[in-house]
Amino acid sequence: MTRLAALTKKEFLLVLRDRNALLALFVLPAIFILIMSLALRDTADGKAALLTYAFSGPADDRLAALLAEGGQARAAQPGETAQFVLTREDGGRITVMVDYRVESQALALFRSRLALALVRVQLAELTERFGAAGLDGATEAEMVSFAWNGVRAARPSPSQQSVPSWIIFGMFFVVIPLSNVFVAERRQNTLARLRGMDIGFPLVLAGKILPYFVINQLQTALMLLTGIYLTPLCGGEALVIAGSLWGLALISAAVSCSAIGVALLIAAMAQTAEQAGTLGGIVNVLLGAIGGIMVPKFLMPEFMQRLAMLSPMSWGLDGFLKIFVKGEGLQAVSGESALLFLFGLTLMTLAMAVARHRE
């Protein structure tokens, strides 16, 4: 135990001296959380609509209200260039001036919404003129009802999406400090000297795993605090943890095991620290890109959502979202956690075999 404590202390001291690693592990993920939470804020609460319109001349309040229904269109703000400018001419005809940057799909969508809104305006005017109350006196809300065909999955809020995404992405960047230390010790024959002191490779490996596991948990705590307290101070939505804290601790530990496994294997395979950093960065970006970290999975096409299941980052994100969005607990994340632990331990075993072979 004394030897393990000494190895762990050594690793901590080496990480604390690496300012670039500390920046990548703690500061950058927190900045990404703030940026992505604020960037997605308006899209999530409906303030940012796909289409913007304005009236040239007196505004038609009834038509504007009907156009804005559903959140797909909104009135342009003062000083904002509207995509569509509506002018009502003599005889009730409406001319629409379309901004040159509007794409054909947006034009078709606005054309259909405008046609539907005009029909509803005419029906409302006829109803007022002839004193009718609609079909058999029923209002529109009473005549039409909607039901979901199947179970509708809840979508995460900006904070619920960005906080776990960048927790996971930040955890996987332990490859930078770990590989730097690993390659430097191999070059300086530190590992050989440790073997000469009758310190087995499993103990050396444990001395590297424990510090980075603790670092990963500190990352998780810092990013959660960022989402809960700092994001709302910057104008974003505060993160609310609806599920079990034990479940959150389990999925965080499982993601850490997976991240350390990837980092150890890359460090064992790399010839130099630069090679390890480059390879680690490429692997992390690829895993994040297909795993729903950079683009939410619910925005991906179906084939990309299936491809995402190949990424351990996707497994971790699914577990975090079960805690944050669905309010579930320990048992709900046990499947994702088991996959991540198995993946991480498998890569650690491979890393040990590769390192022994190279020694």
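The CD atom of E336 sits 5.5 Å away from atom CG of D318, with the distance rounded to the nearest 0.5 Å. Distance OG/S165 to NZ/K297: 9.5 Å, rounded to 0.5 Å. Between atom CG of residue L66 and atom CG of residue D61 there is a gap of 11.0 Å, rounded to the nearest 0.5 Å. Atom CH2 of W315 is separated from atom CG of L310 by 8.0 Å, given to the nearest 0.5 angstrom. A distance of 12.0 Å separates CG in N284 from CD1 in I168, rounded to the nearest 0.5 Å. Taking CZ of R113 as the reference point, atom CG of L116 lies at 7.0 Å (rounded to 0.5 Å).
The closest side-chain heavy-atom distance from V295 to M304 is not below 4.5 Å. For the pair L63/F55, a side-chain contact is recorded, criterion being any heavy-atom separation below 4.5 Å from C-beta on. You'll find the side chain of V283 stays beyond 4.5 Å of the side chain of V175, heavy atoms only. In this structure the side chain of V285 reaches within 4.5 angstrom of the side chain of M294, judged on heavy atoms. Looking at R74 and T52, their side chains come closer than 4.5 Å, going by heavy atoms from C-beta outward. When side chains are defined from C-beta on, L225 does not count as touching L230, because their heavy atoms never get closer than 4.5 Å. Counting heavy atoms from C-beta outward, L350 and L347 have side chains that approach closer than 4.5 Å.
Linking Ile, Leu, Val, Met, Phe, Trp and Tyr whenever their side-chain heavy atoms come within less than 4.5 Å leaves L286 and I176 in two separate clusters. Under the 4.5 Å side-chain heavy-atom criterion for grouping Ile, Leu, Val, Met, Phe, Trp and Tyr, L218 is connected to W166 within one hydrophobic cluster. Tracing side-chain contacts under 4.5 Å through hydrophobic residues (I, L, V, M, F, W, Y), one reaches I35 starting from L317; they form part of the same cluster. The hydrophobic clustering, which links ILVMFWY residues whose side-chain heavy atoms are closer than 4.5 Å, places L51 and V98 together. Under the 4.5 Å side-chain heavy-atom criterion for grouping Ile, Leu, Val, Met, Phe, Trp and Tyr, L342 is not connected to F213 through any hydrophobic cluster.
Enclosure of atom CD in E80 by more than 12 non-hydrogen atoms of other residues, nucleotides or ligands within 6.0 angstrom is indicated.
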Please step through side-chain contact (heavy atoms from CB on, under 4.5 Å) for the pair T231 and V163, ending with a clear verdict. CA-CA 10 Å; T231 300; V163 172; 5.6 Å; no
side-chain contact (heavy atoms from CB on, under 4.5 Å), that's the test. Do L224 and F324 meet it? Break it down for me. CA-CA 11 Å; L224 290 175; F324 293 153; 3.6 Å; yes
Might you work through the side-chain contact (heavy atoms from CB on, under 4.5 Å) test for V181 and K208, ending with a clear yes or no? CA-CA 9 Å; V181 173; K208 294 186 178 299; 3.7 Å; yes
What verdict does the side-chain contact (heavy atoms from CB on, under 4.5 Å) test give for L239 and I33, after you've listed the backbone C-alpha separation in whole Å, the side-chain angles of each residue and the deciding distance to 0.1 Å? CA-CA 11 Å; L239 175 68; I33 286 174; over 6 Å; no
Which side-chain N or O atoms in residues 248-265 pair as donor and acceptor under 3.5 Å with protein atoms at least two apart or in another chain?
unit_1 : atom_1 : unit_2 : atom_2 : d
S252   : OG     : Q217   : OE1    : 2.7
S252   : OG     : T220   : OG1    : 3.0
S256   : OG     : N216   : OD1    : 2.7

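When all heavy atoms of I228 and I241 are compared, the pair lying nearest together is CD1-CD1, 4.1 Å. The nearest pair of heavy atoms linking E328 to I323 is O-CD1, 3.4 Å. Listed here is the closest heavy atom pair of S179 and A267: CA-CB, 3.7 Å. The two residues L34 and C234 come nearest to each other via the heavy atoms CD2-SG, 4.2 Å. Minimum heavy-atom separation, A238 to P232: CB-CG, 3.7 Å. The nearest pair of heavy atoms linking M309 to S314 is SD-OG, 3.9 Å.
Looking only at distances, no side-chain donor or acceptor of S56 sits under 3.5 Å from a matching main-chain atom of T87. Judged by distance alone, the side chain of T278 and the main-chain N or O of Q275 form no donor-acceptor pair under 3.5 Å.
Every residue two or more places apart in sequence or in another chain that forms a ring pair (Phe, Tyr, Trp, His ring centres under 6.0 Å) with F110 is listed here: F84.
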